[in-house]
4 protein chains.
Amino acid sequence: MKIGIIGATGYGGADLLRLLWQHPKVSEIITYTSSQQDLHIHESYPHLISIYEQKLEELNADKIAEDVDVVFLATPPGVSSELSATLARSGAQVIDLSGDLRLANPAIYEAWYKRRSAPVELLNKAVYGLTELNRDQIRQAKIISNPGCYPTATLLGLAPLIKAQLVEPESIIIDAKSGTSGAGRSPSLMTHFSEMNENFKAYQVNTHKHVPEIEQVLHSWNEQIDTVTFQPHLVPMVRGIMATIYAKSTKPLTEDYLRKLYQTSYQEDRFVRIRPSGLYPATKEVYGSNFCDIGITYDERTGRITIVSVIDNVVKGASGQAIQNWNVMNGWDESTGLNVAPTYP
Amino acid sequence: MKIGIIGATGYGGADLLRLLWQHPKVSEIITYTSSQQDLHIHESYPHLISIYEQKLEELNADKIAEDVDVVFLATPPGVSSELSATLARSGAQVIDLSGDLRLANPAIYEAWYKRRSAPVELLNKAVYGLTELNRDQIRQAKIISNPGCYPTATLLGLAPLIKAQLVEPESIIIDAKSGTSGAGRSPSLMTHFSEMNENFKAYQVNTHKHVPEIEQVLHSWNEQIDTVTFQPHLVPMVRGIMATIYAKSTKPLTEDYLRKLYQTSYQEDRFVRIRPSGLYPATKEVYGSNFCDIGITYDERTGRITIVSVIDNVVKGASGQAIQNWNVMNGWDESTGLNVAPTYP
Amino acid sequence: MKIGIIGATGYGGADLLRLLWQHPKVSEIITYTSSQQDLHIHESYPHLISIYEQKLEELNADKIAEDVDVVFLATPPGVSSELSATLARSGAQVIDLSGDLRLANPAIYEAWYKRRSAPVELLNKAVYGLTELNRDQIRQAKIISNPGCYPTATLLGLAPLIKAQLVEPESIIIDAKSGTSGAGRSPSLMTHFSEMNENFKAYQVNTHKHVPEIEQVLHSWNEQIDTVTFQPHLVPMVRGIMATIYAKSTKPLTEDYLRKLYQTSYQEDRFVRIRPSGLYPATKEVYGSNFCDIGITYDERTGRITIVSVIDNVVKGASGQAIQNWNVMNGWDESTGLNVAPTYP
Amino acid sequence: MKIGIIGATGYGGADLLRLLWQHPKVSEIITYTSSQQDLHIHESYPHLISIYEQKLEELNADKIAEDVDVVFLATPPGVSSELSATLARSGAQVIDLSGDLRLANPAIYEAWYKRRSAPVELLNKAVYGLTELNRDQIRQAKIISNPGCYPTATLLGLAPLIKAQLVEPESIIIDAKSGTSGAGRSPSLMTHFSEMNENFKAYQVNTHKHVPEIEQVLHSWNEQIDTVTFQPHLVPMVRGIMATIYAKSTKPLTEDYLRKLYQTSYQEDRFVRIRPSGLYPATKEVYGSNFCDIGITYDERTGRITIVSVIDNVVKGASGQAIQNWNVMNGWDESTGLNVAPTYP
């Protein structure tokens with residue numbers, strides 16, 4: 001199949017190029033840009049020299065739809081609201097890595113994103129691509145809205161608990177930590193090396209755009225859940241997210257019961273790995289891979305469950321899950337092109 | 001005054017040497033060791049070459065008590081349980097940076113530390129050295145039990161709220177993040193550079209020794225508080241702790257009300273700095289200094305208060321607070337020797 | 001083919017497991033250990049959970065030779081001196097990643113390694129596996145001595161110049177910088193995170209074991225070269241080596257001439273990438289991959305050539321080059337299993 | 001004395017504020033800006049909250065000269081060319097941390113800096129502030145040109161050797177490594193955290209502005225020295241420079257002879273520390289301090305001397321040396337305000 005990538009000069013796009021290089025269903029990759037046409041990919045990303053020799057092409061939605069079979073949009077907010085409908089109409093599969101199509105309610109999008117929402121008809125067509133939880137819908141989708149990085153780690157960490165109604169609805173607190181790649185490639189004071197190294201920062205306190213995304217999905221699983229506390233932090237590292245999740249149990253539990261619940265829930269999901277008792281995953285243990293690793297325990301003293309969920313934000317939180325969804329859409333083995341072991345150390 | 005430091009080859013001891021070099025009340029510093037006598041300090045710490053030329057001396061409690069006016073114990077667990085009584089009897093001021101004397105209840109100590117507690121008589125004599133909250137007792141103390149690094153950041157972050165009874169007693173969650181210096185100087189796989197860099201780890205889930213220390217102090221401020229959830233993590237950086245603290249408010253509040261409460265509570269405390277609305281401290285903003293910086297907000301959606309409290313774990317969390325306590329014990333200006341601005345970037 | 005790995009708990013072994021997971025010629029992998037038998041691989045390396053479920057097996061040279069077709073030795077000094085002969089006798093292909101078989105002259109080995117050399121007969125059988133320069137010999141070899149990480153970056157950086165006799169024989173200075181993974185997995189004070197982060201260190205000044213290895217190969221290319229200055233440093237990062245190489249030109253040159261020389265020399269070598277004029281590779285641009293990237297220039301003011309050569313020390317400097325050699329030994333495409341794009345950022 | 005700082009929002013300026021806070025000769029500090037007037041210092045640098053409460057003032061050379069006794073210029077290229085003359089005329093002491101006044105020959109400045117030089121008369125008045133080597137001139141100076149960070153580490157590392165005529169004039173190679181703070185506070189792709197962490201980069205190959213500065217000083221010590229090879233690199237850390245210096249000896253030497261030469265040369269210089277045989281300084285051992293630490297050895301095999309010289313680029317390479325020079329200009333103890341021990345770890 002012929003692949004189009006819009007936004008190849010961002011980190012999500014670059015990681016798509018890394019993973020798709022050896023994907024057996026790819027016949028050709030065309031990269032599109034709104035501003036840097038005629039630049040060679042390796043002029044922007046020297047690590048891809050000799051791997052990709054082509055130039056970036058001009059972004060023209062009609063032409064793209066003719067040229068390729070699937071389009072990955074790794075674009076800033078606002079772009080896919082405009083492009084996705086055109087692309088999908090013409091028959092291309094669309095996988096949108098931006099946040100534009102994730103929130104079903106335009107009013108909520110506009111309150112948190114501070115910009116115009118995509119039209120409702122488009123939102124209705126987009127399927128939320130949390131692969132492990134939504135496979136059936138994804139199989140039949142033409143447009144995928146790929147989940148945010150924080151929601152991916154959080155929702156995979158919470159799904160078995162919420163679906164089993166084991167958590168007090170108002171008790172959920174997600175303390176999340178991310179490497180800096182999630183902030184993108186545009187230089188800023190916040191992610192300037194001299195300001196970020198040997199430093200640890202909280203940011204967007206109570207105002208991060210992933211709050212309503214998490215709440216929307218949790219609410220769809222348990223109507224009593226309306227709000228959560230979600231707080232992101234920046235870690236002086238490049239890749240990796242850890243969500244440490246705290247929730248009050250509705251009843252006394254054992255850790256053993258929890259572990260079995262998680263193992264059963266994810267027994268068909270090769271990219272979700274549940275750790276043995278007493279062990280918790282560190283972010284580096286999924287570095288460069290599509291895995292989501294989860295540790296879980298129960299504290300009798302406080303009646304709280306603690307979940308530690310880690311992903312590589314650029315892979316399972318973006319490019320890898322996008323490819324996983326593309327595999328599902330086409331009926332291929334879900335791990336095609338994604339059997340990449342974590343790079344450690 | 002003549003100073004003795006036991007445990008000068010650890011990071012707490014090294015930082016005492018850094019800060020005491022220019023302390024105007026110091027006439028001489030003698031460093032003691034149980035194992036490395038006759039080693040020059042700068043053989044262990046080359047950064048102190050030309051600053052300290054003396055050798056480490058043999059550790060002998062009786063002799064130390066004769067030789068010096070104050071002893072700082074920066075020692076592993078178990079040491080000060082044995083030494084403090086002897087030292088104090090002989091008239092020396094004792095400031096213990098280990099955890100041995102922090103928990104008033106030996107049974108709790110033994111449950112969490114998995115070792116024998118110091119005798120109750122000794123525990124009764126030791127004053128908990130959270131300077132800003134305990135000055136009156138510290139002034140008259142002979143033995144100071146210097147707080148743990150995590151409890152310092154946590155308790156300074158929570159004190160005004162708890163004392164004002166603004167928090168639901170069972171709702172407190174402390175998600176803490178520390179640089180690796182808190183783990184000490186002994187090499188281990190967990191803190192091996194190749195395993196720790198580009199990595200973020202949760203550890204001692206629900207089992208950290210600082211849990212009962214935090215609970216003991218919070219309970220002394222509000223009897224309804226029995227347990228908290230406290231979860232530490234390791235950040236790929238050397239110095240710095242951030243405690244992100246979540247608590248349910250007992251009633252609707254405004255952020256403005258909270259800020260004023262904190263500003264008033266700490267108006268006499270030059271080492272506690274409350275950030276303006278919308279700003280939260282990063283750990284590097286206190287690097288190398290004795291400050292504790294605090295940001296605070298209230299989320300109307302969830303009814304939760306979020307507090308971001310940062311310290312340099314080696315300074316305000318160990319050496320700096322120890323010197324601050326020593327200043328208070330002697331009636332000197334509390335900031336003597338501690339007017340060190342953070343090193344930034 | 002059936003693979004044996006001895007020393008799978010070190011970083012070289014772990015990276016072999018990462019890369020061999022998807023190698024199409026691998027039917028089974030058995031890992032051997034001298035000390036940790038019955039440990040599951042993922043108990044030592046949690047990132048490999050669900051990827052490798054087997055246990056480490058007891059190390060017994062005779063049995064190994066029966067069980068597998070090829071043995072990779074990622075072992076400490078001294079082990080392969082003893083094992084390689086036995087293994088090779090029994091017909092297994094042997095690829096030794098340690099330094100034991102690299103130096104042809106036992107006296108030089110003993111002077112630099114401070115231990116007994118392997119017997120000369122064994123040294124004579126081992127082929128030095130600098131793939132790009134030694135393919136013909138490797139094709140017929142039974143025992144490969146895989147090059148050191150620093151020599152790989154250095155020799156690939158120097159080969160075209162030396163072979164073209166363009167360098168004053170006594171003028172070569174190699175200033176090398178490595179991430180900490182080269183120091184292995186055993187914790188030490190030097191590589192303790194708190195000592196290594198925000199730090200840059202020179203080490204083994206004029207005494208590193210890779211000095212004679214570099215000199216031996218350069219001398220084989222140009223008999224007038226007897227000694228070089230090679231100085232390694234530790235960088236606060238995990239993976240990556242840069243060798244910055246300085247050499248006096250024997251005659252006035254142009255940069256253009258040099259670049260063409262390098263491009264021609266390496267035109268058949270897909271893992272060596274020569275950068276365009278004015279661009280120099282950074283270590284991260286080869287992260288996780290088997291590439292060696294080279295930048296080169298000439299300074300008219302000083303008559304010196306500067307070469308910047310980077311590799312991932314764990315891959316091209318160890319596991320990747322080992323697999324590359326194994327591919328060559330078996331007449332497969334040299335890049336089989338190694339088409340892994342660098343992970344960036 | 002009243003202090004003026006121009007360029008307080010850069011890292012050099014921020015570090016001047018850190019160190020001058022406790023300098024006993026400072027009565028007041030006024031900070032000037034060309035663009036951010038009315039901003040509080042702590043709005044730009046939150047770590048200085050409660051330490052400096054004043055606002056940035058408008059930059060007006062005439063007014064500054066009236067208001068203060070000494071001006072530190074921590075400004076981008078071109079600014080002090082214009083301001084220094086005006087300031088000096090009015091009687092203020094001027095200490096320029098930029099490169100504008102360092103090169104005596106305007107043609108050389110213009111060739112390397114690619115901009116107009118300051119007028120010769122101004123250049124003639126400026127004294128090069130390499131304190132340890134130039135004290136007599138500094139004592140009588142009105143305008144100090146503070147050395148560059150790389151030249152400081154390099155020249156202190158080479159001075160005894162060059163002055164003793166022990167080095168082949170054409171043999172000097174300086175391989176230098178710096179933390180990112182030397183690149184300043186303006187965000188850029190090169191110093192974006194995601195691009196710089198776990199990365200090591202060479203930059204400005206053969207074209208760095210500090211080349212002619214080093215050559216000018218070395219030539220003044222030994223007329224036979226015209227050119228050196230100087231190559232800078234960026235290390236994934238914030239503070240610290242290491243210069244690894246290689247030079248051919250003019251005659252056979254012993255390491256012992258070299259060490260004594262260095263110890264004698266620097267016996268009156270408390271900020272230069274020579275390491276014992278076999279030990280070499282790491283950058284962190286001077287972190288935050290004004291020390292320059294030097295290790296030295298001789299290799300009989302190659303006839304080369306290796307010098308490892310480290311400084312904190314922001315302190316001895318900028319703010320600290322500026323204050324040291326200011327102390328000398330005024331006849332105060334040279335270390336006034338600079339007795340800051342390195343922060344370790």
Side-chain angles (χ1 to χ4, degrees), chain A residues 9-15 18 36 39 42-48 74 149 177-203 233-241 283-284 287-288 312-315 317-319 342-345, chain D residues 9-15 18 36 39 42-48 74 149 177-203 233-241 283-284 287-288 312-315 317-319 342-345:
Chain A
T9 56
Y11 291 145
D15 215 50
R18 171 175 75 98
Q36 300 180 283
L39 197 75
H42 60 74
E43 290 177 87
S44 179
Y45 281 115
H47 73 285
L48 295 176
C149 49
K177 302 88 176 173
S178 177
T180 59
S181 54
R185 205 185 196 197
S186 296
S188 71
L189 192 59
M190 187 174 195
T191 53
H192 191 47
F193 189 88
S194 298
E195 308 271 324
M196 187 67 234
N197 201 44
E198 271 287 304
N199 204 353
F200 187 87
K201 303 178 182 179
Y203 70 105
H233 303 76
L234 268 190
V235 183
M237 65 183 188
V238 177
R239 282 175 180 248
I241 278 180
T283 60
K284 197 167 190 157
Y287 195 97
D312 183 321
N313 57 307
V314 192
V315 189
S319 64
T343 302
Y344 192 95
Chain D
T9 56
Y11 291 145
D15 215 49
R18 171 175 75 98
Q36 300 181 283
L39 196 76
H42 60 74
E43 290 177 89
S44 179
Y45 282 115
H47 73 286
L48 294 176
C149 50
K177 300 89 175 173
S178 176
T180 59
S181 53
R185 204 184 196 197
S186 297
S188 71
L189 193 59
M190 187 177 195
T191 53
H192 191 46
F193 188 88
S194 298
E195 307 272 323
M196 188 68 233
N197 200 44
E198 269 289 303
N199 204 353
F200 187 87
K201 303 178 181 179
Y203 71 105
H233 303 77
L234 268 190
V235 183
M237 65 184 188
V238 177
R239 283 174 179 248
I241 278 179
T283 59
K284 196 167 191 157
Y287 195 96
D312 182 321
N313 58 305
V314 192
V315 189
S319 64
T343 302
Y344 192 96

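From a predicted model like this one, the values you see are computed outputs, not experimental measurements.
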Distance-minimising heavy-atom pair for G12(A) and A74(A): C-CB, 4.4 Å
Pair F200(A)-L234(A), side-chain contact (heavy atoms from CB on, under 4.5 Å): steps then yes or no: CA-CA 6 Å; F200(A) 187 87; L234(A) 268 190; over 6 Å; no
Interatomic spacing from CE in M196(A) to CE in M196(D) - rounded to 0.5 Å: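 It is 15.0 Å, given to the nearest 0.5 Å.
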I'd like a table of all donor-acceptor pairs linking chain D to chain A (distance under 3.5 Å, no angle check), giving the atom names and the distance to one decimal.
unit_1  : atom_1 : unit_2  : atom_2 : d
Y11(D)  : OH     : E195(A) : OE2    : 2.6
T180(D) : OG1    : S194(A) : OG     : 2.8
S181(D) : N      : S194(A) : OG     : 3.4
G184(D) : O      : H192(A) : NE2    : 2.9
R185(D) : NE     : E195(A) : OE2    : 2.8
R185(D) : NH2    : E195(A) : OE1    : 3.3
R185(D) : NH2    : E195(A) : OE2    : 3.4
T191(D) : O      : F193(A) : N      : 2.8
T191(D) : OG1    : H192(A) : ND1    : 3.4
H192(D) : ND1    : T191(A) : OG1    : 3.4
H192(D) : NE2    : G184(A) : O      : 2.9
F193(D) : N      : T191(A) : O      : 2.8
S194(D) : OG     : T180(A) : OG1    : 2.8
S194(D) : OG     : S181(A) : N      : 3.4
E195(D) : OE1    : R185(A) : NH2    : 3.3
E195(D) : OE2    : Y11(A)  : OH     : 2.6
E195(D) : OE2    : R185(A) : NE     : 2.8
E195(D) : OE2    : R185(A) : NH2    : 3.4

